[in-house]
Asker: 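Dropping a structure here in structure tokens format, bear with me for questions.
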Amino acid sequence: MSVSDTLNAQDEQLYTLHGMWCTSCALAVEGSLKRLEGVREVSVHYPSATLCISGTPSATQLTNLAQNIKRLGYRLTELEPVADAHARLEEESRYLTLRLMVGSLFGMWTMLASILIYAGALPSEQVELVVAWVSGAFSLPVVLFAGVPFYRAGWRTLLAKRPGMDVLVSLGVLGAVFVSVGLLWRGSAEVYFDTAVMLIVLLLVGRLVETLCRHRGLKALDTLSLPEVNITVWQDDNRATIPVGEVAVGMRIELTPGEIVALDGTLVAPAWIDTASLTGESLPRYFNAGQAVYAGCRYLGATPLVMQVSAGVGQRRLDRLCEEMRRYQAKKGELQKLADRFAAWLSPAALVLALLTLPMALLLGVGWEDAFVRALSVLVVACPCAVGLAVPLASLAGSGQAMQQGVALRDPSALESLARLRSVALDKTGTLTNGRHSVLHWQGRDGVEQSDLQRKLSAAVAGSEHPLAQALVGWSRSQRSSGHHPNEHVLEVNEAPGEGRRVQLSGGEWLSVGSEAWLARQGVALPEAMDDAVFAFTSQVMLADEAGWLATFYLADQPVSDAAVSVNNLINSGYVVAMVSGDRQGAVSWLGEQVGLSREACYAQRSPEAKARLLQGLPSPTLYVGDGLNDTLSLAAADVGVAPLSASEAARQGAAAQLLTPGIGGVVTLISVAKRTRRIMVQNLFFSALYNTLALGLVVIMAIPPLIAVLAMAASSLTVTLNAARLAWAELDDNG
């Protein structure tokens, strides 16, 4: 196989990794799998317990990977559903709560005994010694039961040859117990059972808070999950009720009034559909027969409606979006990779430093007891819990915040690029415009009555699927007085796709409607073009009857409701904003004026390749928002690509984020979320790294009691976790 064939044979898989206890477990699994032949890239996302691996198909098969994972003490399965992930985290919460209760109950008495000894509140040394033994006895359930998960995780990371923080925790706990037993054996009551107990209890508290944050982070995916329901299907004109998971593509299903659509499909009859749960639109939309409807919408009709299924469970738009979010969630940005590198060398460095501290202290004349205590403090204070949690928890919280604001972030690592954004490029049609034309102006021949014009126009375009015809039908119906002008019956239709059509009415009259060039070829005498430059941007449709030219209609694609506000917000925030389109200059310039862009910022008649080249010339990092097949190259060329709600499948696949609400206001929201998320990432990473660096230096040069080291380490981890939780729970402000 050639090099190119090998590269083309790469496969990427997503699995759920069970049994992880902390970020050290994730790094250990990554390190082990990277050594396997055929594996190109491995990423383990600890907060969501997701493994993303790419390489040759044989190397990424579950059966092969599961065996290697099992040897390390973990378990690998197919990607679990979101509901199962919640159940797993609930089980972990109960697991942690039980151990925390045991640790707190018995640890309380251990701490009380230690306080009495430290405070000198006991009457004699003999009583102090007895109380010290009691302190050790109460610490046994904490050490032998509550601390077991740390020992297990530490052993697994050692097997993977990637010792992490749990190794330090285990050595710290066992070291404190060993030193204390030695002191008791010598008849000294100055024991450190309280250090072992506090280390376990405080870390369990941090783990529990962290698990709750991970649980909340998964809420971002809940909006993309639908409940398991039974569906009424039509088979050979017979009705049957089957589980939604058994409904196959091509089946016809029945929707009852008010029912949430459980599958993707096409309607067999027109209907009103509430898309609020999926898109956030406050008003229902009218769907024509044959139009695609996605799972998550609600049917608002008064009678049952039949829909033909186009995608079953697992293949729905929501399912694909959910899987893509989890896939990209497992990948890491630069800040996360930096944090992993720091944590990877910190644990081995702390082990070496602790081993060196003992002989160095002895050489400096420190007694055996104090030397052991200093080495113990080094182990405790160096635990890189905070470093490992600094970025992934903030990223998870940021993704959840974005989802709550109506943006599905398929690639959370894009948050880092978004936070440093310098320029924003926007497609025109379907992105800045709603894709629906409306009549802005019309001009008719002398003496034509508007009512007669409306009647003829309605008949001429009835039944046409052309977008401009739909706009003309809407205008005609909105202008006519109800009940006074019945629809004309059409006898014959001759259509030239994309150019025009001729229709014969029941009275025998022929009408022609279409472009100026097409009507000219039909021999229709046309008036001179309008001089008013304001109509240079419009699309023109002409109507003629047997007497000749009857009227000209000027239509334009209208901007989305929040286009002007969003563009103004981006410009005021200091971003370079441009509109890039393949449309003609007049239409692009007019729309730019409507949304607040200067003529110099509007680029018209650009091919897909030209769009991508233009993006390369904008200040980097760049963001591109586009919805069509012609935008896929630009979405890939930009640092971050965003697909609007109405985007094509190709655009959605190429974008790092997808808007779930109409308009482009979600772009402003996404940038705001990204800036805030990165700020918290940097805060977490800076303070956790600063803590570990300073703490290690202090504990080596001066004696710090192990209990103080425990409290400092726990405070650092808890601070990082709560700082990330602040992002998940806080309300988003306009400035990020």
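Computation of the quantities below employed the complete heavy-atom set of this structure, encompassing side-chain atoms and omitting hydrogens, waters and symmetry-equivalent molecules.
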Asker: Counting N and O atoms only, with roles assigned by atom type, does the side chain of Asp427 sit under 3.5 Å from a partner on the main chain of Val625, one being a donor and the other an acceptor?
Answerer: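 No, the answer is negative, given that no donor and acceptor are paired below the 3.5 Å cut-off.
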Asker: Roughly how far apart are Ser598 OG and Ile571 CD1, rounded to 0.5 Å?
Answerer: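 Rounded to the nearest 0.5 Å, the OG-CD1 separation comes to 7.5 Å.
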Asker: Could you state the interatomic distance from CZ (Phe287) to OG1 (Thr266), rounded to the nearest 0.5 Å?
Answerer: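 Answer rounded to 0.5 Å: 12.0 Å.
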Asker: Would you name the heavy atoms of Ile273 and Cys297 that are closest together and state the gap between them?
Answerer: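 That closest heavy-atom pairing would be CG2-CB, 3.5 Å.
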Asker: Given side chains that start at C-beta, do those of Leu17 and Thr50 come closer than 4.5 Å, heavy atoms only?
Answerer: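 When only atoms from C-beta onward are counted, Thr50 and Leu17 do not touch, as no gap falls below 4.5 Å.
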Asker: So if I apply the side chain to side chain contact (heavy atoms under 4.5 Å, CB included) rule between Val541 and each of Val513, Thr552, Leu519, which one comes out positive?
Answerer: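 Output: one option passes, namely Val513.
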Asker: So which heavy atom on Gln61 is nearest to which on Tyr15, and how close?
Answerer: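 Nearest pair, atom of Gln61 first, then Tyr15: C-OH, 3.8 Å.
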Asker: The test is side-chain contact (heavy atoms from CB on, under 4.5 Å); show your working for Val668 and Leu570 and say whether it passes.
Answerer: CA-CA 7 Å; Val668 179; Leu570 292 170; 4.1 Å; yes
Asker: For a quick test of reading the model, state the closest non-hydrogen atom pair linking Val577 to Ala601 and the distance between them.
Answerer: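 It is O-CB, 3.6 Å.
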Asker: Do the non-hydrogen side-chain atoms of Leu65 and Ile53 ever get within less than 4.5 Å of each other?
Answerer: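 In contact.
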Asker: Between Val576 and Arg422, is a side-chain contact (heavy atoms from CB on, under 4.5 Å) present by the stated rule, with each step listed?
Answerer: CA-CA 6 Å; Val576 175; Arg422 295 180 60 196; over 6 Å; no
Asker: For Val560 versus Ile664, what's the shortest heavy-atom pair and its separation?
Answerer: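 Heavy-atom minimum between the residues: CG2-N, 4.5 Å.
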Asker: Walk me through it: do Lys675 and Arg420 pass the test side-chain contact (heavy atoms from CB on, under 4.5 Å)?
Answerer: CA-CA 8 Å; Lys675 290 167 65 177; Arg420 299 180 289 108; over 6 Å; no
Asker: To the nearest 0.5 Å, how far apart are CG in Leu33 and CD in Glu41?
Answerer: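 Rounded to the nearest 0.5 Å, the CG-CD separation comes out at 12.5 Å.
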Asker: Under a plain distance cut-off of 3.5 Å, with no hydrogens placed, do Asp639 and Thr622 share a side-chain donor-acceptor pair?
Answerer: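 The answer is yes; a qualifying pair exists.
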Asker: Of Val588, Leu591, Val580, which meets side chain to side chain contact (heavy atoms under 4.5 Å, CB included) against Cys602?
Answerer: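 Testing each of Val588, Leu591, Val580 against Cys602, the sole residue satisfying side chain to side chain contact (heavy atoms under 4.5 Å, CB included) is Val588.
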Asker: Quick one: pull up CG in Leu623 and CG in Leu426 and give me the separation to the nearest 0.5 Å.
Answerer: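 It is 8.0 Å, given to the nearest 0.5 Å.
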Asker: Roughly how far apart are Leu659 CG and Leu670 CG, rounded to 0.5 Å?
Answerer: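 Result: 8.0 Å between the selected atoms.
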Asker: Looking at Glu30 and Val44, would you say the former's side chain and the latter's main chain have a donor-acceptor pair under 3.5 Å?
Answerer: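 A pair under 3.5 Å: yes.
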Asker: Give a yes or no answer on whether the side chain of Thr677 reaches the backbone of Val673 with a donor-acceptor pair at less than 3.5 Å.
Answerer: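 Such a contact is found between Thr677 side chain and Val673 backbone.
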Asker: Can a donor-acceptor pair be found, under 3.5 Å and without considering hydrogens, that links the side chain of Asn568 to the backbone of Ala564?
Answerer: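 Flag not set: sc Asn568 to bb Ala564 has no pair under 3.5 Å.
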Asker: Is there a side-chain contact between Phe553 and Met542 (heavy atoms, below 4.5 Å)?
Answerer: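 With C-beta onward as the side chain, the pair stays apart.
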Asker: Considering all heavy atoms of both residues, which atom of Ala638 and which atom of Tyr624 are nearest to each other, and what is their separation?
Answerer: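 Of all heavy-atom pairs spanning Ala638 and Tyr624, the closest is CB-CB, 3.7 Å.
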Asker: Counting distance only, does the side-chain N/O of Gln405 pair as donor-acceptor with the main-chain N or O of Ala402 below 3.5 Å?
Answerer: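 No; zero donor-acceptor contacts below 3.5 Å.
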Asker: What's the separation between atom CE in Met579 and atom CG in Leu432, rounded to the nearest 0.5 Å?
Answerer: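 If I round to the nearest 0.5 Å, the distance is 6.0 Å.
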Asker: Under the 3.5 angstrom rule, does the side chain of Asp562 hit a backbone N or O of Gly663 as a donor-acceptor pair?
Answerer: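 Not at all, since once roles are kept as given, no pair shorter than 3.5 Å links the two residues.
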Asker: Provide the closest heavy-atom pair for Pro621 versus Leu421 in the form atom of the first, atom of the second, distance.
Answerer: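 Looking at all heavy atoms of both residues, the shortest contact is O-CD1, 3.6 Å.
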